[in-house]
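All values derive from a computational prediction rather than experimental measurement. Here is how names work: the chains are called A, B, and so on, in the same order as the sequence lines, proteins then strands, and each is numbered from 1.
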Number of protein chains: 2
Amino acid sequence: MALRHAVLAVLLGGEFSGYQLAKVFDTGVANFWYASPQQLYTELTKLERAGLVDGQLVIQLDRPNKRVYSVTEAGVAELVRFAEAEAKPAVIRDDLLVKVHAVDRTDAAAVVARLEERAVQAAAKAELFDGTLRALRGDLDEAAFLATGDRIGPYLTCLRGWRFEQENLDWCRRSAALIRARWGAEMRDAAAE
Amino acid sequence: MALRHAVLAVLLGGEFSGYQLAKVFDTGVANFWYASPQQLYTELTKLERAGLVDGQLVIQLDRPNKRVYSVTEAGVAELVRFAEAEAKPAVIRDDLLVKVHAVDRTDAAAVVARLEERAVQAAAKAELFDGTLRALRGDLDEAAFLATGDRIGPYLTCLRGWRFEQENLDWCRRSAALIRARWGAEMRDAAAE
DNA sequence: TTCAACATGTAATAAGTTACATGATTCT
DNA sequence: AGAATCATGTAACTTATTACATGTTGAA
């Protein structure tokens, strides 16, 4: 009963097939929800049976046919109910932070490597979100778009995702540098062995 | 096989009972992992059977007895293996951002209310983490602590959590103000009905 | 004596992940 | 002919959530 609303919220932005949705959810939809393709296919089936979305077969000549979904009136009503309910605290589960938390007793060189990998990913995501924000704004500047644009919801969530990834990048770099500074000698010793 | 490492990482900081751990995980352990008490009790049982933690009964006169756990050598070895494995992308699932994403088609007043609730929670958490950071630093300033303190891992993760909550607070406030500005008239109309 | 905090679990259900399966179409 | 992308699912398994269940101790 949770993925359901995330899917409905994304489908407000237009018609999507399961495959297209899977790509959107794979990047984490501006960092607020992640779902696997398998989850999406089953969820779309459930949503359609519940009458919250409407699926239409699209015949394609240049590639395999697909089924695209759009939100029904009942689906919008469900989103309204959801908006009024209390928001649960966000669920965050991050492997990398567990590794950093334990760094003093494990393997500093390995943790630094993981931080650097994540930094690269964070930079890529920040740039991706930046592009999305520009596309949503169009010709308008941010203030004008937020005052007059037709859908500010996706813009606000994307802004949050963008800032999150920028902070992530900054934190990964600083943490890696600090760990290097403390375990530099040992890391060189280990490399020399 | 995921909560396991988060529990081990926290237990590196000392002995904890299931009940104490539950309180730590309830705040999200500096925003990198959330787990319910039920999960923790079952996980601790599994960890002890696997020999990764060691449980000791503590007789208490002033309150019910408890069982406190500490990480064994095998537990530390498991954390080292974990540190070297690739970090999975973080899982984030946030109800509130779904509500905001859909705000243009749902109930702006309700979403603003949820944003304000979250802002209060974020401010409280930021302050909590700030206190934790100060306690970890002791008399030292941040640079000195990071250079010479005996465990910087928990400090770095707490720093991340602190920044995250500050950003959260800022985003909630700005988003609420923007939504109010756009739907102010309608929100007043609805309130007047 | 009732409430809050301390303390620990089990069972049923829901959700999410991983592995398995298939097939079309385009490009090299 | 083989790889990449598009496209959609099912089944088995692992995790997480929710509901249930119990009991101690201290303070109001």
I need the OH-P distance between B:Tyr19 and C:dA5, as an integer number of Å. 8 Å
Given side-chain hydrogen bond (donor to acceptor under 3.5 Å, both in side chains), test A:Lys125 with A:Asn168 step by step and report yes or no. CA-CA 10 Å; A:Lys125 261 188 150 181; A:Asn168 233 359; over 6 Å; no
Could you check A:Ala35 against B:Gln20 and say which one's nearest nucleotide on DNA chain C is further toward the 5' end? B:Gln20
May I ask you to test the A:Val120-A:Leu169 pair for a side-chain heavy-atom distance under 4.5 Å? no
Test log, rule side chain to side chain contact (heavy atoms under 4.5 Å, CB included), inputs A:Leu96 and A:Cys172: CA-CA 10 Å; A:Leu96 180 61; A:Cys172 286; 4.2 Å; yes
Please report the distance, rounded to the nearest Å, between CG in A:Leu44 and P in D:dA7. 14 Å
Report the residues that fulfil salt bridge (charged side-chain N to carboxylate O under 4.0 Å, His left out) with B:Asp94, sequence neighbours left out, ordered by chain and then residue number. B:Arg118
Of all residues at least two apart in sequence or in a different chain, which pass the salt bridge (charged side-chain N to carboxylate O under 4.0 Å, His left out) check with A:Arg174? none
Which residue pairs satisfy the ring-ring contact (aromatic ring centres under 6.0 Å, His included) criterion with at least one member in residues 1-31 of chain B, sequence neighbours excluded? B:His5-B:Phe82
Please identify each residue that fulfils ring-ring contact (aromatic ring centres under 6.0 Å, His included) with B:Phe32, with sequence neighbours left out. A:His101
Among the candidates D:dA16, D:dT8, D:dT10, find the nucleotide nearest to the side-chain atoms of B:Leu3. D:dA16
Against the side chain of A:Ser36, the closest entry in C:dT10, D:dT8, C:dT17 is C:dT17
Please list residues of residues 7-18 of chain A whose heavy atoms come under 4.0 Å from any atom in DNA chain D, ordered by number; otherwise none. A:Ser17, A:Gly18
By ring-ring contact (aromatic ring centres under 6.0 Å, His included), which residues pair with A:Tyr155, not counting sequence neighbours? A:Phe145
Tell me whether A:Trp171 contacts the main-chain N or O of B:Leu156 through its side chain, where contact means a donor paired with an acceptor under 3.5 Å. yes
Can a donor-acceptor pair be found, under 3.5 Å and without considering hydrogens, that links the side chain of B:Trp33 to the backbone of B:Ala2? no
Does anything in residues 56-72 of chain B reach DNA chain D, meaning a heavy atom under 4.0 Å, and if so which residues? B:Leu61, B:Asp62, B:Arg63, B:Pro64
Give the rounded distance in Å between these two atoms: CD of B:Gln38 and P of C:dT10. 12 Å
Atom pairs under 3.5 Å: protein N/O with N/O of nucleotides 12-15 of chain D:
{"residue": "D:dT15", "atom": "OP1", "partner": "B:Met1", "partner atom": "N", "Å": "2.5"}

So, OP1 or OP2 of D:dT8: does either fall under 4.0 Å of a side-chain N or O from A:Tyr41? yes
Is it the case that atom CZ in A:Arg105 sees more than 12 heavy atoms from other parts of the structure closer than 6.0 Å? no
Side-chain donor-acceptor pairs of residues 44-59 of chain B under 3.5 Å, sequence neighbours excluded:
{"residue": "B:Thr45", "atom": "OG1", "partner": "B:Tyr41", "partner atom": "O", "Å": "2.9"}
{"residue": "B:Glu48", "atom": "OE2", "partner": "B:Gly55", "partner atom": "N", "Å": "3.2"}
{"residue": "B:Glu48", "atom": "OE2", "partner": "B:Arg67", "partner atom": "NH2", "Å": "2.9"}

Between residues 81-98 of chain B and DNA chain C, which residues have a heavy-atom gap below 4.0 Å? B:Arg93
With respect to the phosphate group of D:dC6, does any side-chain polar atom (N or O) of A:Lys23 fall under 4.0 Å of OP1 or OP2? yes
Side chain to side chain contact (heavy atoms under 4.5 Å, CB included) partners of B:Asp141, counting only residues at least two apart: B:Ala143, B:Ala144
Starting at CG of B:Leu40 and ending at C1' of C:dT10, how long is that distance when rounded to a whole Å? 16 Å
Roughly, in whole Å, what's the span from CG in B:Asp26 to P in D:dA16? 16 Å
Residues that A:Glu73 engages under side chain to side chain contact (heavy atoms under 4.5 Å, CB included), provided they are two or more places apart: none
